[in-house]
Amino acid sequence: MTVRVRFAPSPTGYLHVGAARTALYNYLFARANDGVFILRSDDTDTARSTEEYQEDILEHMEWLGLEWDEGIVIGGEHGSYRQSDRYDRYREVARDLIESDSAYYSFATPDQLEQFRKDARDAGTSPAYDGSLEPGYGEVAGRVAAGESAVIRFRVPRPGETRFTDIVREDMVFDHKQVDDFVILRSDGSPTYHLASTVDDVDYGITHVIRGEDLLSSTPKHILLAQAMGAEPATYAHLSLLMGPDGKKLSKRHGDTAMSAYREMGVLPEAINNYLALLGWSLGDEEDVASIDEMISRFDLTTVSKNPAVFDPQKLEWLNGVYIRGMSDDEFVASTLLLVEEDLGRTLSADEREQFMEMVPLIKERTKLLPEVSDQVRFLFTNIDKYDEKSWSKVMDTPEALVALDAALAALTPLDEWTIESIESALRQMLVDTGLNARKGFQPVRVAISGSTVSPPLFESLAILGKLETLTRISNARALL
RNA sequence: GGCCCCGUCGUCUAGAGGCCUAGGACGCCGCCCUCUCAAGGCGGUAGCGUGGGUUCAAAUCCCAUCGGGGCUACCA
């Protein structure tokens, strides 16, 4: 049987990193098993769902490269894959369930329900509603016909229990005392998540449901529902939740949870995929870096960790650096040129672009987040109108600075050939002549041309900057001493 | 409160009775390299929540306990 899995976010928020991890695991599982990966929109919460969130989810799924084989946008044999288009189907199932007595009209009011739960809590028993507040069979038809507001609830068999084997949690048992007669159709005729999601899983032939652990306790409902529909329930796999540094479910108060935020801060999709995969799963050997293809070839749901995982932005950044260093120069330029231009507020001329390309090998290995590139190359394309204060006071307010700048000027001015080699030998000779060590001799030059004590390698920077500009900047700084 | 899940370095994890004086990765610290910052190399720091068992032997099995988390809606 072909493996069919789905990622079914509800568009009530942007794509969350935790959801992205769930999507990734579904994707890896599908690809590892030559299965089908489906993207569905569980948008039964009409009050909170928006098209904007839907777009955000789609955009970032594409950005991550998590291509789906069937689903929203691209379609498939099951229609639009949006639950909001399938209300008729859900109502039909609800009717069938009433017909087969697996569900019933419920007239219990919110107040009654609340009292029921409060009593149960006080008594120390299960607060799951068991249908005990409902009228006898005889009354129901009349009250429904009279137009009385009612929801449709699933009739959970009592006594009873539901057992299933979760791929990551293994054997699970839930006593039906703990499972309430849950609402499947609201009084306004709309389906709840439990109904819509399960009907879709059944109709779409989903074989494995891989989702967050927050749905673990709801699983008996979904299994019972599927069985009542006469279907074979899917196999379930519940992934642990992503936590913030405080050990609580990852949320906005821990910082960025939107995928878009990571994209904007310059994280590569390869890096976040790799990182997210590591959160709950390990490659098995002593390596943490793996391409999506390597992950696919090694992915095994049964080895996924049960433990909740704390999201660690530092490790993500490290991984991002690894991937950035692994880019070709062309790829690097392609993904950073725009950022540099945005930072400058103008486009680069052909010559400047040439300078940028020369600088690429030097800055690539110093970059963890894409936008940092702007900081590293800005000095090439703008005049130094202000020097970094700390840098200035640290190296320029010293007696050696004057000596160094004068000597550098004298050493560089006569150079006919302006290459990395000629610059280096001239400056090294300058060190010998002045008796300054490399640090004392070079740092003032660095600050003079870049404005900071931190810059790409000096000789290369001077070479790329050009002779005229270099001499001008050194003179300018010299004048300020 | 009820039910469920989880518990190895700060963090992510390897570990499925002897291979563990617990391995790797990130972080952190130090050293090396070195024109700064990175990168890289080398080394170091730090952990089996606790208490009982079972066993010749337990991080691995059992019980208890403690701790953390999730669910408990006409949200998903």
Side-chain angles (χ1 to χ4, degrees), chain A residues 8-10 12-13 42-45 47-49 106 110 113-114 117-118 120-129 149-153 166 168-169 172-175 177-180 182-188 190-194 196-197 212-219 238 240-241 243 245-249 275 278-289 305-312 314-319 321 325 362-368 372 376 391 395 424 427-428 431 437-443 445-447 450 452-461:
Chain A
S10 38
T12 54
D42 281 16
D43 57 352
T44 50
D45 185 347
R48 293 192 301 148
S49 295
S106 166
L113 257 12
E114 196 182 319
R117 294 184 190 112
K118 185 176 178 302
R121 186 178 282 248
D122 291 347
T125 58
S126 169
Y129 179 55
S149 173
V151 299
I152 294 179
R153 288 179 185 277
D166 186 285
V168 343
R169 315 264 151 198
M172 299 293 312
V173 190
F174 286 88
D175 190 308
K177 278 199 200 74
Q178 306 302 332
V179 183
D180 58 308
F182 55 102
V183 174
I184 57 175
L185 210 65
R186 302 188 184 101
S187 51
D188 67 359
S190 66
T192 60
Y193 166 76
H194 299 304
S197 174
E213 194 196 316
D214 51 343
L215 262 357
L216 184 56
S217 325
S218 299
T219 305
H238 287 90
S240 64
L241 268 14
M243 302 297 190
D246 61 354
K248 300 254 195 288
K249 196 170 163 183
Y275 180 64
L278 256 24
L279 252 29
W281 180 62
S282 81
L283 284 295
D285 55 20
E286 308 204 319
E287 188 54 66
D288 278 352
V289 182
S305 167
K306 300 174 177 66
N307 308 358
V310 174
F311 187 85
D312 177 14
Q314 278 189 315
K315 185 153 184 175
L316 206 211
E317 265 195 40
W318 166 75
L319 258 177
R325 271 173 258 134
L362 269 22
I363 56 179
K364 202 164 65 178
E365 63 181 331
R366 287 157 227 275
T367 307
K368 278 194 174 143
E372 292 167 1
Q376 300 184 75
S391 298
V395 323
E424 173 160 12
L427 288 180
R428 293 223 180 265
L431 249 31
N437 63 28
R439 187 180 216 98
K440 293 280 189 193
F442 294 161
Q443 281 300 76
V445 179
R446 187 188 307 282
V447 173
S450 77
S452 166
T453 49
V454 177
S455 84
L458 189 62
F459 315 126
E460 288 85 344
S461 294

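Per chain, numbering begins at 1; letters A, B, ... match sequence-line order. Just so you know, these numbers use all the heavy atoms, side chains as well, and skip hydrogens, waters and symmetry mates. Every value quoted in this text rests on a predicted model; they were computed, and no experiment measured them.
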- Query: Roughly how far apart, to the nearest Å, are B:rC28 and B:rG10 at atom C1'?
  - Reply: 9 Å
- Query: For the side chain of A:His194, counting heavy atoms from C-beta on, which of B:rG1, B:rA76, B:rU36 is nearest?
  - Reply: B:rA76
- Task: Grab the CG-P distance between A:Leu427 and B:rU36 for me, whole Å please.
- Result: 14 Å
- Report the distance from atom CZ of A:Arg169 to atom C1' of B:rC3, rounded to the nearest whole Å. 15 Å
- Item | Basic-acidic side-chain contact under 4.0 Å: A:Asp45, A:Arg48 | yes
- Message: Can you identify which nucleotide, out of B:rU36, B:rG70, B:rA39, has its nearest atom closest to the A:Lys368 side chain?
- Response: B:rA39
- With sugar-phosphate taken as primed atoms, P, OP1 and OP2 and all else as base, the protein-contact string of nucleotides 10-16 of chain B at under 4.0 Å (heavy atoms; B, S, -) is -SSSS--
- Spacing of A:Arg121 atom CZ relative to B:rA73 atom P, expressed in whole Å: 9 Å
- Message: Rounded to whole Å, please give me the gap between CG in A:Asp246 and C1' in B:rG67.
- Response: 15 Å
- Message: From C-beta outward on A:Leu216, which listed nucleotide comes closest to its side chain: B:rC35, B:rC5, B:rC74?
- Response: B:rC5
- Nearest to side-chain heavy atoms of A:Glu213, which nucleotide of B:rG40, B:rC35, B:rC5: B:rC5
- Message: Closest approach to the side chain of A:Arg366, judged atom by atom: which nucleotide of B:rA73, B:rC37, B:rA76 is it?
- Response: B:rC37
- Item | Salt-bridge contact A:Lys248-A:Asp246 (side-chain N to carboxylate O under 4.0 Å) | no
- Query: Out of B:rA76, B:rC35, B:rG69, which nucleotide sits closest to the side chain of A:Leu458?
  - Reply: B:rC35
